[in-house]
Undergrad: 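So that we are looking at the same thing, I have put the structure below in structure tokens.
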Amino acid sequence: MPPPAAAHPWWLEPHPPGNADQAGNPTGLSPSEAAERLERFGPNLFRERQRKSLLRQYLSRFKNPLVLILLMASAVSAFTGEVTNFLIIGCIVLLSVTLDFVQEYRANAAAEKLRHSVSVRATVIRAGQTRDIAATEVVPGDVVLLAAGDLIPADGIVLDARDFFVKQALLTGESYPVEKRPGMPAKSATDLDEATNAVFMGTSVISGSARMQVVQTGAATAIGAIADSISRPAAPTSFELGTRRFGMLIMRLTVLMVMFVLLVNAWFHRPLLESFLFAVALAVGLTPELLPMVVSVTLARGALRMAGKQMIVKRLSAIQDLGSMDVLCTDKTGTLTEAKIRLERHVDTAGQPSDRVLELAYFNSFYETGLKSPLDEAILAHRHIELGAWKKIDEVPFDFERRRVSVLIDNGTSRWLVVKGAPDEIVGLCTRYEAEGAELQCRLDEAAQAAIHAQYSGLEAEGFRVLGIAWRPVPLDHPHAVVDDESELVLAGFAAFLDPPKASAAAALGALKQAGVAIKIVTGDSDLVTRHVCTQLGIPVTGLLTGKDIAQLDDHALGARVDTANLFCRVNPAQKNRVIQALKARGHVVGYLGDGINDAPPLHSADVGLSVDSAVDVAKEAADMILLKQDLQVLHEAVLEGRRTFGNIMKYIMMGTSSNFGNMFSMAGAALFLPFLPMLPTQILLNNILYDVSEVPIPLDKVDAAEISHPRVLDLAFIRNFMLVIGPISSLFDFLTFYVMLAVLQADEALFHTGWFVESLCTQVLVIFVIRTRGNPLKSRAHPLLTATSLAVVGSAILLPFTPLGTYFGFVPPPAMFYAILGAMVFAYLAIVELAKRGFYRWYGNAHRPRATQ
Ligand SMILES: Nc1ncnc2c1ncn2[C@@H]1O[C@H](COP(=O)(O)OP(=O)(O)OP(=O)(O)O)[C@@H](O)[C@H]1O
Ligand SMILES: [Mg+2]
């Protein structure tokens, strides 16, 4: 993507706008100024929420082709003088669109509110004080403090910076971090990627820290200008793909049936308009038009329930994915462990306690400005150390490839490079080591290397996280520290930390495993430490891959190993990502739980990204759900909640494809041999809307425990097979009804319509009690509201022929005999569907055992 040309390269001005010099305004804006600017420039949102007015949102519902055809048909009816038809169809369309709209709107509004509660925040200076505000409230002129892991909240000028590296791939396509520093760019930089003194919204801080002054916010930012071109719709999730294919399946059947009906009616020279209306009504009856509403209401309800358990859902459809998830990958620190790391030991190369090692570690942590990790905090919190005359000259910031950080310090007489990092990396860079205090420096030969390796491995095997501490004198005129300086180091010793697992972790992971979710740990830490944590958490290690192993494997070979391995150690962010993709390619639905900068790529590529509230911005931004409580038990509950929403959506789909489908099918068949239409178009529409009403409470329904005991994915073959088993039973009873109406009750046209209307509605609605559970319908209780609406709809169908409204629709009161037969038939129907259902699940259960994941 070419870098976008900014309208006005403001970073070429000598001073930040509104400032007399380069330093910026040290006290920031006053609250009143900020409020005034927020009013003037608007909230800092680059894609102004497409806030269509409610009316327009409502009207856009009418764009559905079926609705349009219906409206057209009703207009034609009006012109041909059939006012009744016109009124009825008009009302029905209005009613169903409104029902759908109100439900969905309410659900989405609630979910949106939740989403806002975890919005990205920014640290600004206002009236001389640092304040934490929502990024949307940042205004031009604000002074913002930036640190590693932050998302840059707006476009602005860098006022000062310390080893400040930014990733701007989103804007410039350049995936390597670029350094930003104050002062004019060397070249006349009209391109964003040459603007070394400016930072841009939507990019993120990789390491270092800085102060910036905001110049542009919201749509005026560089990213705002290209927002449309980068706002590619997210790739559809497996669930969305499934529902889409399901829609196609229904669509094809509908088209076939409509064509058939039209042909038959033309053959028999029936009135054209009425045949057409009949066909359209059939199509309406067949389409699962409530599906989008059922999906969004179910998901929104799920999101609200999860919020009650301290889990915020940012992307609603992720709830589905969480329910389908069969592999959960997680990093270690802060997710499985407390992240309350303590420095336990600081030892020299012989394993003896050493203050000198602590001192060096302290200098390094104190002066490091890049990523402040919990390890640094633990070192600084351990004991206060006098810095004396030591001053910082430069730094090579931490990154997850090198796994180390260096600071260049000077006390006037000597200049040292002090390095700390993963012990294997550090030892690899050393040529000498300190012995007997710091008195003696010995050559790091093979024997010494083996002894030292045994020394720190011993610590790791005991569960300590270990950092190697090394240093090297450099000439006093050595001005900058660069990565190449990290060589020929002198090893001073090791710092060992304890990072105990979370109290809740073992139980929660056990519960997840019980629920069919395999757990894999993907960490930058060493394998010995991770194994120790696994032992404490009761996770048996079934296979281990290190970053080095992964680097040797191509995607195919990696794919062959990811299933059995459940520990991935010393992996860098790109490798974390490869592990996730390999698992996805194997057909798993993969979750990833992480909180660091290095977790952002896998959070993005996982089917469902999970993070915690204390995570860095980039991780929170990439995640689909945020855990507010440091308790993994919540995750288990959320998985069950996801499966519950899935279960309820499946109920609706299965209802639509079985009984309803059978009814419409027999309707088309009846058109063949009856001398009149089997049901009037308006009656079909009324039948359909009453049926819809009965299904509205499905999102509230309970889901059987057996349904949520394992991950489930939307399986089209399952739905199709279910339809082929249950649908014909429904048709069978329809034809039985025809027989009863014609042969036993000697029905005329109106009575026939009435009889069939009542029968089809009763069977169609009541079958929910059979379909909603795989087990015994008498044992699994439906939600009271679902029971109430279903019974109410059945009741009104039975009473309708006796009311004036019924007469209006063309119904006539049937004889008492009809109701006796109806009762028997409904009972027999439900019993047979129940038997067929049991047979189906027995067969299906044998044919498709749940996929075994270790
Ligand atoms: N502040 C630091 N200074 C020096 N080295 C560090 C620092 N932070 C991390 N490291 C090294 O880099 C390695 C990888 O970092 P880190 O443990 O944060 O990765 P991770 O993949 O997020 O793992 P985790 O599962 O522990 O969160 C660490 O094991 C440690 O050796
Ligand atoms: Mg981490």
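All ligand and atom numbering here is 1-based and tracks the order in the structure.
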Undergrad: Identify, by atom number and element, the atoms of ligand 1 in contact range of Glu368, meaning under 4.0 Å from any of its heavy atoms.
TA: 1 (N)
Undergrad: Testing the 3.5 Å rule here: is there a donor-acceptor pair between the side chains of Asn364 and Lys420?
TA: yes
Undergrad: Which ligand 1 atoms does Val405 reach within 4.0 Å, using its non-hydrogen atoms?
TA: 3 (N), 4 (C)
Undergrad: Between Gly524, Pro602, Ala619, Gly547, flag the one that comes closest to atom 14 (C) of ligand 1 by a heavy atom.
TA: Gly524
Undergrad: So, Arg472 side chain and Ser487 main chain: donor-acceptor pair closer than 3.5 Å or not?
TA: yes
Undergrad: Could you tell me whether Lys576 and ligand 1 have an N or O pair separated by under 3.5 Å?
TA: yes
Undergrad: Would you please classify the geometry between the Tyr456 ring and the His453 ring as parallel, tilted or perpendicular, with 30° and 60° separating the classes?
TA: perpendicular
Undergrad: Decide whether Asp563 and His588 meet the rule of one side-chain donor and one side-chain acceptor closer than 3.5 Å.
TA: yes
Undergrad: Only N/O/S atoms count here: what is the atom of Asp331 closest to the Mg ion (ligand 2) called?
TA: OD2
Undergrad: Rounded to the nearest 0.5 Å, how far does OG1 of Thr523 lie from CG of Leu567?
TA: 9.5 Å
Undergrad: Is there a donor-acceptor pair closer than 3.5 Å between any side-chain N or O of Thr542 and the backbone N or O of Thr564?
TA: yes
Undergrad: When you measure from atom 16 (P) of ligand 1 to each heavy atom in Arg403, Arg465, Arg570, which option holds the nearest one?
TA: Arg465
Undergrad: Which residue from Val571, Asp525, Leu467 reaches closest to atom 30 (C) of ligand 1 through any of its heavy atoms?
TA: Leu467
Undergrad: Which of the numbered atoms in ligand 1 are below 4.0 angstrom from a heavy atom of Phe400?
TA: 15 (O), 18 (O), 19 (O)
Undergrad: Mind checking whether Asn598 has an N or O less than 3.5 Å away from an N or O of ligand 1?
TA: yes
Undergrad: Assign the ring pair Trp390 / Phe363 to parallel, tilted or perpendicular, where the plane angle (0 to 90°) is split at 30° and 60°.
TA: tilted
Undergrad: Considering only heavy atoms of Asp331, which atoms of ligand 1 have at least one such atom less than 4.0 Å away?
TA: 22 (O), 24 (P), 25 (O), 27 (O)
Undergrad: Under a 3.5 Å cutoff, is there a donor and acceptor pairing between the side chains of Glu488 and Thr431?
TA: no
Undergrad: When only distance counts, is Thr523 in polar contact with ligand 1, meaning an N/O pair under 3.5 Å?
TA: yes
Undergrad: Side chain of Lys392, backbone of Tyr367: donor and acceptor closer than 3.5 Å?
TA: yes
Undergrad: Under the criterion side chain to side chain donor-acceptor pair (under 3.5 Å), which of Asn577, Thr330, Asp331, Asp599 is the partner of Tyr592?
TA: Asp599
Undergrad: Where's the contact between Glu425 and ligand 1, heavy-atom distance under 4.0 Å: side chain, backbone, both or neither?
TA: neither
Undergrad: So, does Gly421 sit close enough to ligand 1 that a heavy atom of it is under 4.0 Å from the ligand?
TA: yes
Undergrad: Looking at ligand 1, does any of its N/O atoms fall within less than 3.5 Å of an N/O of Asp599?
TA: no
Undergrad: In terms of atom number and element, which parts of ligand 1 are under 4.0 angstrom from non-hydrogen atoms of Ala422?
TA: 31 (O)
